[in-house]
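Data block below; observations after.
Per chain, numbering begins at 1; letters A, B, ... match sequence-line order.
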Amino acid sequence: MAPQETSPDGTRRRPHRVYREGAEPDPRFTLANERTFLAWLRTSLALMAGGVGIEALNAVAPGASNPARTALAVLLLGGGVVCSATAFTRWAATERALRTGQPLPAPKLAPVLGYALTAVGVAACALLLITGS
Amino acid sequence: MRSEAENPWDIGLQNERTTLAWSRTALSFVVGGLVVVRFIAHSSTTLAIVFAAVTLPLAVVITWLAWRRYRRGQHRLHGRSPLPDGALPGAVAALAVLVGIIGIVYVLLS
């Protein structure tokens with residue numbers, strides 16, 4: 001069966017690299033893939049909110065802004081950017097795999113995120129004990 | 001006879017669950033936006049209001065597009081035609097990346 005590259009309304013389905021080959025998968029898998037993408041997106045938004053929260057301490061704490069806090073904030077914001085970009089590329093790779101019957105891509109980012117968040121948590125604790133805020 | 005809109009395509013309610021996941025994501029945008037607004041308000045009330053005026057309607061737009069996606073998905077599942085494409089996920093992920101980059105620039109400059 002030829003891949004369905006256009007929607008019923010005649011527009012081309014985007015991104016084209018996902019839809020140009022393979023057959024329509026079970027719609028339940030497509031919807032599950034979409035929910036996984038959204039869960040990663042929420043994770044990335046939570047990371048960014050954490051980064052902004054840490055940076056906000058620099059604005060309210062007495063004295064000069066602490067560069068360690070800024071570094072932690074940038075790290076969390078950068079992690080959020082990586083997570084949201086990867087969320088979409090992984091969605092696309094998974095959708096392609098579902099369409100072509102290939103194995104799903106491995107969750108490479110999940111363990112990295114786990115270790116990185118542990119490190120961030122330890123760093124935040126150290127910061128709290130050293131500066132008191 | 002029940003209409004196509006109220007008759008679910010599968011008993012797992014996949015389309016509904018996916019739309020609720022979209023709603024949660026839009027709400028995360030709202031919460032994140034409010035955190036940033038509170039943060040900016042420390043230095044400039046005007047900037048905070050401008051930021052809120054740009055981001056909060058975006059969350060409403062995402063929610064509206066997600067419900068349109070739900071209706072189309074429901075219609076196409078019953079008609080056995082392909083589901084809506086990856087344009088909305090791509091656009092929302094790009095928005096999140098943009099928000100993060102703006103955040104990094106703001107933190108480094110302030």
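If you chain together hydrophobic residues whose side chains sit under 4.5 Å apart, B:Phe39 and A:Val74 fall into the same group. The cluster map of Ile, Leu, Val, Met, Phe, Trp and Tyr, joined by side-chain heavy atoms under 4.5 Å apart, puts A:Val81 and A:Leu113 in different clusters. The same ILVMFWY cluster, assembled from side-chain heavy atoms under 4.5 Å apart, contains both B:Leu58 and B:Leu88. B:Val99 and A:Leu76 are assigned to two separate hydrophobic clusters, defined by single-linkage of ILVMFWY side chains at heavy-atom distances under 4.5 Å. B:Val35 and B:Leu47 fall within a single hydrophobic cluster, where Ile, Leu, Val, Met, Phe, Trp and Tyr side chains are chained together by heavy-atom contacts under 4.5 Å.
Heavy atoms closer than 4.5 Å to chain A are found in the side chain of B:Trp9, but not in its backbone. Using a 4.5 Å cut-off between heavy atoms, B:Arg69 touches chain A through its side chain atoms alone. Neither the backbone nor the side chain of B:Tyr106 comes within contact range of chain A, judged by heavy atoms closer than 4.5 Å. Only the side chain of A:Val60 has a heavy atom closer than 4.5 Å to any heavy atom of chain B. Looking at A:Thr89, there are no atoms closer than 4.5 Å to chain B (heavy atoms on both sides), in backbone or side chain. Contacts between A:Ala59 and chain B at a heavy-atom distance below 4.5 Å involve the side chain alone, from C-beta outward. For B:Leu98, no part lies under 4.5 angstrom from a heavy atom of chain A. For A:Leu31, the parts lying under 4.5 angstrom from a heavy atom of chain B are both the backbone and the side chain.
Of the possible polar contacts, one joining the A:Arg13 side chain to the B:Leu83 backbone as a donor-acceptor pair under 3.5 Å is found.
Summarising the local packing, CZ of B:Arg17 is surrounded by more than 12 heavy atoms from other residues, nucleotides or ligands at distances under 6.0 Å.
Here the shortest heavy-atom pairing between B:Val107 and A:Ala73 reads CG1-CB, 4.4 Å. Residues B:Ser28 and A:Leu45 share a closest heavy-atom pair of CB-CD1, 3.7 Å. Closest approach of B:Val97 and A:Ser84 over heavy atoms only: CG2-OG, 3.6 Å. When every heavy atom of A:Leu38 is checked against every heavy atom of B:Thr18, the shortest pair comes out as CD1-O, 4.0 Å. Among all heavy-atom pairs drawn from B:Ala96 and A:Leu41, the shortest one is CB-CD1, 4.0 Å.
Counting heavy-atom pairs closer than 4.5 Å to chain B, the top-ranked of the candidates A:Asn58, A:Val82, A:Val52 is A:Val52. The residue among B:Val36, B:Val92, B:Asp85, B:Ile40 with the most heavy atom pairs within less than 4.5 Å of chain A is B:Asp85. Listed options B:Ser110, B:Gly86, B:Ala93 were ranked by heavy-atom pairs under 4.5 angstrom with chain A; first place goes to B:Gly86. Note: B:Pro89 leads B:Ser43, B:Ala94, B:Pro89, B:Ala87 in heavy-atom pairs under 4.5 Å with chain A. Considering only heavy-atom pairs separated by less than 4.5 Å from chain A, the leading option among B:Pro82, B:Gly12, B:Ala21, B:Ser81 is B:Pro82. Taking chain B as the reference chain and counting heavy-atom pairs below 4.5 Å, the highest number among A:Ala32, A:Ala56, A:Ala49 is found for A:Ala56.
Put simply, CD1 on B:Ile102 and CE on A:Met48 are 10.5 Å apart, with the number rounded to the nearest 0.5 Å. The CG atom of B:Asn15 sits 11.5 Å away from atom OG1 of A:Thr30, with the distance rounded to the nearest 0.5 Å. We find the CD1-OG1 distance between B:Ile104 and A:Thr70 to be 12.5 Å, quoted to the nearest 0.5 Å. Considering CZ of B:Arg72 and OG of A:Ser7, their distance stands at 8.0 Å, rounded to 0.5 Å.
Listed by chain and number, the residues in a salt bridge (charged side-chain N to carboxylate O under 4.0 Å, His left out) with A:Arg42 amount to none (sequence neighbours excluded).
Partner B:Gln14 forms a side chain to side chain donor-acceptor pair (under 3.5 Å) with one of A:Arg35, A:Glu34, A:Arg28 and no other, that one being A:Arg35.
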